[in-house]
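When a ligand or atom number is given, it counts from 1 through the structure's own listing order.
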Amino acid sequence: MTLAEHLAAQRSAVPEYADGAAAIIQAIGWVARDIARALAYAAIRGDTGKAGLKNTTGDEQKPLDLWSHEVMAGALRGSHACAAYVSEEAAEPIEMMEGAGPHGLVVCCDPVDGSSNLDVNGSVGTIFSLRPSRGQVPAGPAALGPGTDQVAAGYMMYGPATTMVYTSGQGTHGFTLEPQSGEFLLTHPDIKIKRRGKTYGINEGNFHTWHPGQRAYVEYLRTSDKASGRPYSLRYSGAMVADVHRTLLDGGIFMYPADFTDPAKPKPKLRLLYEVAPMALLVEQAGGRASTGTERVLDVRATEYHQRAAILIGSSDDVTQAEDFYRRQA
Ligand code: AFP
């Protein structure tokens with residue numbers, strides 16, 4: 001089954017936005033093919049290194065960040081269903097009159113997630129989330145609100161194969177790009193994440209900045225105890241897409257907790273609208289769980305476009321246990 005056939009069969013959980021969501025996800029699929037090809041040629045064409053610019057959240061922009069952002073904008077405009085585009089690479093939402101209207105959707109996107117992996121040929125991805133514009137003009141502000149507002153979400157992972165995973169509120173489904181035809185073919189229908197895993201993903205270099213409950217939980221995972229399947233193995237790629245994709249298929253937990261150096265002002269890193277909230281919807285739709293450590297991620301209300309949030313995501317028993325450690329050390 002191709003992506004187009006699946007989108008047609010998969011009526012979104014929010015029918016009034018189904019056609020728009022299908023048009024946008026199809027358009028994003030086309031962009032994925034272009035990004036996958038550009039990645040394959042990046043070193044040959046010299047599209048590597050830094051672009052000498054920084055985005056709103058202070059990250060060095062790479063040439064492929066900027067190129068992917070532009071290609072994504074063009075495809076979303078062409079879908080005639082996108083009313084506004086909130087991108088990691090643009091300070092403000094880009095309004096798109098072509099998609100404005102009662103069923104217009106706001107697309108929040110990280111065009112190249114894990115761009116620090118680009119120059120080392122590591123896995124990178126694209127993350128997207130669709131929210132209802134409710135006919136608002138300008139539509140961009142309609143992106144602000146809880147993650148439960150999302151109509152659909154997904155990511156592409158550019159690894160040995162190019163994978164696309166999406167949900168429109170009726171389960172989470174995975175596709176693999178068939179390079180000859182350029183078709184995304186259904187290879188992982190209705191993904192169900194294990195209740196408990198054997199791996200954890202976190203940047204341990206930040207250990208000294210963590211909440212005491214986070215430290216205690218990682219110490220617990222490292223401790224040898226056959227009966228509870230510990231120690232867990234550490235797996236960390238530096239690209240959230242790759243780490244969440246592994247967690248979705250193998251179980252376990254991926255975490256990017258806040259920096260608690262100043263407990264009164266915890267500093268998370270990952271961005272809520274185009275990293276944390278879309279991944280939370282995908283994993284919950286696969287039977288998993290996504291928490292900030294103290295709250296369900298999908299209940300967190302976005303009040304700014306580039307707002308950051310902590311995330312502990314994956315197998316429900318593992319995430320619940322991590323939350324217990326936070327509670328006990330609160
Ligand atoms: P970049 O897109 O700037 O490489 O950041 C990637 C990311 O947002 C997310 O994909 C990773 O999980 C996380 O940051 C990696 O952060 P550290 O480099 O601090 O581990």
Nearest-contact summary for atom 11 (C) of ligand 1 - protein heavy atom, Å: Gly238 O, 3.4 Å

Flag if over 12 foreign heavy atoms under 6.0 Å of CG, Asn121: no

Donor-acceptor side-chain pairing of Asp225 and Thr223 below 3.5 angstrom: no

Atoms of ligand 1 close to Arg271 [distance to a heavy atom under 4.0 angstrom, numbered from 1]: 8 (O)

Those atoms of ligand 1 less than 4.0 Å from some heavy atom in Asn203: 17 (P), 19 (O), 20 (O)

More than 12 heavy atoms of other groups within 6.0 Å of Lys192 NZ: yes

Within-shell test, Glu275 vs ligand 1, heavy atom, strictly < 4.0 Å: yes

Parallel, tilted or perpendicular, as decided by the 30° and 60° cut-offs, for the rings of His211 and Phe260: perpendicular

Per-atom contacts of ligand 1 with Tyr236, taking only distances under 4.0 Å to non-hydrogen atoms: 15 (C), 16 (O), 17 (P), 20 (O)

Verdict with reasoning, Tyr85 to His69, per ring pair (Phe, Tyr, Trp, His ring centres under 6.0 Å): CA-CA 10 Å; Tyr85 168 40; His69 165 71; 5.2 Å; yes

Pairing of Asp149 and Arg134 as salt bridge, 4.0 angstrom limit: yes

Closest protein heavy atom to atom 14 (O) of ligand 1, given as residue, atom name and distance to 0.1 Å: Lys269 NZ, 3.4 Å

Shortest reach to atom 12 (O) of ligand 1 by a heavy atom, considering only Met240, Glu88, Met279: Met240

For ligand 1, the portion of Ser116 having any non-hydrogen atom under 4.0 Å away: both

Polar atom proximity, Gly114 to ligand 1 (N or O, under 3.5 Å): yes

Asp65 and Lys62 ion-paired at < 4.0 Å: no

Nearest-contact summary for atom 1 (P) of ligand 1 - protein heavy atom, Å: Ser115 N, 3.7 Å

Reported CE-to-NE2 distance for the pair Met96 and His80, which is rounded to 0.5 angstrom: 11.0 Å

Side chain, backbone, both or neither: Leu270 near ligand 1, heavy atoms under 4.0 Å: side chain

Protein contact of atom 19 (O) of ligand 1 - nearest heavy atom, named by residue and atom, plus distance: Tyr256 OH, 2.6 Å

